[in-house]
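Here's the structure, in structure tokens; my notes come after.
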Amino acid sequence: MYSEKVMDHFINPRNVGEIENPDGVGEVGNARCGDIMKVFLKIENDVIVDVKFKTFGCGAAIATSSMSTELIKGKTIDEALAVTNKTVAESLDGLPPVKMHCSVLAEEAIKAAIEDYRKKQREK
Amino acid sequence: MGDRIYLDHAATTYTKPEVLEEMLPYFTENYGNPSSVHSFGREARKAMDLARERTARALHTDPGNIFFTGSGTEADNWAVKGAALANRKKGNHIITTSIEHHAVLHTCRYLERNGFEVTYLAVDKYGLVDAEQVRNAITDQTILISVMTANNEIGTIQPIREIGTIAKEKGILFHTDAVQAIGSVPIDVEEMNIDLLSLSAHKFYGPKGIGALYMRKGVKVQQILHGGAQERNRRAGTENLPAIVGLGKAIELAVQDIPGHNARLEALRDRLITGILSTVEHTRLNGHPERRLPGNVNFSFEFIEGEALLLSLDIKGIAGSSGSACTSGSLDPSHVLLAIGLPHEIAHGSLRLTLGENNTEEEVDYVLEVLPQVVQKLREMSPLFNQQKGGLEYV
Ligand SMILES: Cc1ncc(COP(=O)(O)O)c(C=O)c1O
Ligand code: FES
């Protein structure tokens with residue numbers, strides 16, 4: 001049911017873990033089935049120099065977490081914000097329709113982490 | 001030990017070679033229609049009669065009370081809808097439980113939309129129905145009680161005999177879905193006061209797509225499939241003879257030595273349960289500790305999700321199933337796990353492993369080696385786990 005790419009990212013997820021003293025953290029829950037993703041960002045001059053994630057969710061949730069962190073690593077904040085769940089799903093050679101909502105989790109967690117970073121910047 | 005370990009026997013079993021062997025001639029040689037007058041037909045009829053006799057013997061009843069169906073689902077539909085419709089003049093109330101298989105639950109929901117009232121009894125934290133609760137739910141409108149013999153997800157075995165006694169005392173029809181119980185729970189429909197019983201061959205090493213409904217002589221149950229005069233004018237459609245032959249052989253084998261079968265499976269089951277509970281923290285056993293099917297193991301691992309767990313185990317060659325929302329097409333967690341009071345997150349981390357006759361101790365030991373590693377790996381990925389352990393490493 002999953003593509004080879006999804007299985008690859010599920011078996012060997014990239015960027016799993018946490019960042020100490022992150023510049024931005026985002027945690028979102030999935031209203032559909034109760035899953036949770038947490039994203040940690042290290043940002044220098046508006047460039048995402050490091051990203052880590054933790055996910056409590058299904059195979060598709062883990063694979064999309066992994067893929068989306070790969071897609072935003074080394075990118076500027078604006079470039080990262082342009083990454084949608086559709087981009088992530090396409091990069092994984094597609095997801096089963098019933099699993100599309102899982103990819104929204106990753107997009108939202110990244111947006112929340114960037115929002116957190118911006119809020120911290122404003123408070124500085 | 002093969003390269004894959006099948007631990008999903010509650011979903012379906014393989015067909016035993018000796019069952020298949022008896023079936024095969026009915027595809028190619030003895031392919032007659034049991035309703036035909038000629039010798040081909042008579043041979044087919046004879047084979048069907050034998051299968052009916054074997055099924056009746058397994059349930060301790062007469063062959064005349066056995067009706068073959070196209071699945072366990074059809075048997076459940078027939079029993080529940082048929083009994084409700086036939087007894088509508090007496091009342092419109094049905095009692096069942098909140099943990100029935102969807103074949104019964106969704107049939108009851110359908111009847112509710114058509115003027116019937118249904119009481120879905122709650123179960124305790126082990127998934128057990130209280131027989132006294134059944135008694136207390138009875139009204140002067142109650143026409144049917146339907147309680148499964150054993151649950152397909154958590155394996156809990158219900159007090160069917162007690163419920164049968166109450167139903168008989170009150171003169172109410174009693175149906176039990178015994179699909180998971182055949183071959184593990186000894187059944188005597190007379191002694192247990194069962195009026196209607198559903199079974200399905202693919203859960204006891206027979207073929208898929210064939211079931212049976214036992215109907216006590218004289219009970220009023222409407223016909224659901226209309227057409228030809230098959231099954232003594234009660235269930236139309238040319239009989240699936242090879243499958244019926246397979247069901248007959250499979251049920252004969254299944255009830256041959258229930259105590260021996262149970263002892264062997266229980267030893268494997270308990271080895272698996274004890275092994276996991278003693279090595280993996282934050283784990284619970286779902287279902288009843290003792291009153292459970294001999295092959296059923298159902299855990300909840302906190303902080304992780306069941307589909308991810310199934311995929312990881314599948315990569316390691318272990319086939320199981322889960323009641324997690326993420327594994328169900330509807331994205332709702334299993335109604336059974338919710339009914340025993342599990343919060344959504346704990347239902348999420350559920351894993352069902354169901355043993356069968358071919359599983360070995362060596363296979364169980366392989367699971368005991370692999371499963372804790374897989375759980376550990378997923379927990380390290382989980383945001384909940386770290387929060388719980390306050391960043392401490394989990395050993
Ligand atoms: C308890 C129970 N009832 C009914 C069924 C339906 O049986 P079948 O698959 O033959 O339709 C199943 C099996 O999925 C079951 O476990
Ligand atoms: S996270 Fe629940 S279905 Fe993917």
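Residue numbers begin at 1 in each chain, while the letters A, B, ... track the order of the sequences.
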I need the minimum non-hydrogen distance between A:C33 and B:H348, along with the two atoms involved. O-CE1, 2.9 Å
Crowding at OH, B:Y14 (>12 non-hydrogen neighbours, <6.0 Å): yes
Which is it for B:L311 and A:I62 under the side chain to side chain contact (heavy atoms under 4.5 Å, CB included) test, yes or no, and what are the steps along the way? CA-CA 12 Å; B:L311 286 173; A:I62 290 171; over 6 Å; no
Under 4.5 Å from a heavy atom of chain B, the part of A:V98 involved: both
Could you tell me which non-hydrogen atom of A:K54 sits nearest to which non-hydrogen atom of B:E380, and how far apart they are? CE-O, 3.2 Å
Just how far is it from atom CD1 of B:I304 to atom OG1 of A:T55, taken to the nearest 0.5 Å? 13.5 Å
Should we count OH of B:Y366 as having more than 12 external heavy atoms under 6.0 Å? yes
Measuring only between side-chain heavy atoms, which start at C-beta, is B:C326 closer than 4.5 Å to A:K99? yes
Heavy atoms of other groups near B:R284 CZ, more than 12 under 6.0 Å: yes
State whether the number of non-hydrogen atoms from other residues, nucleotides or ligands found under 6.0 Å of B:K125 atom NZ is greater than 12. no
Evaluate the side-chain proximity of B:L331 to A:H101: yes if any heavy-atom separation is below 4.5 Å, no if none is. yes
Minimum heavy-atom separation for B:M381 and A:P13, please, with both atom names. CE-CG, 3.6 Å
Please confirm whether the backbone N or O of B:S382 pairs with a side-chain atom of A:K38, one donor and one acceptor, at under 3.5 Å? no
Do other residues, nucleotides or ligands put more than 12 heavy atoms under 6.0 Å from the NZ atom of B:K316? no
Name the region of A:A60, side chain, backbone, both or neither, that has any atom closer than 4.5 Å to a heavy atom of chain B. backbone
How about A:F10 and B:S312: do any of their side-chain heavy atoms sit closer than 4.5 Å? yes
Checking the side chain of B:E305 only, and the main-chain atoms of A:F56 only, is there a donor and an acceptor separated by less than 3.5 Å? no
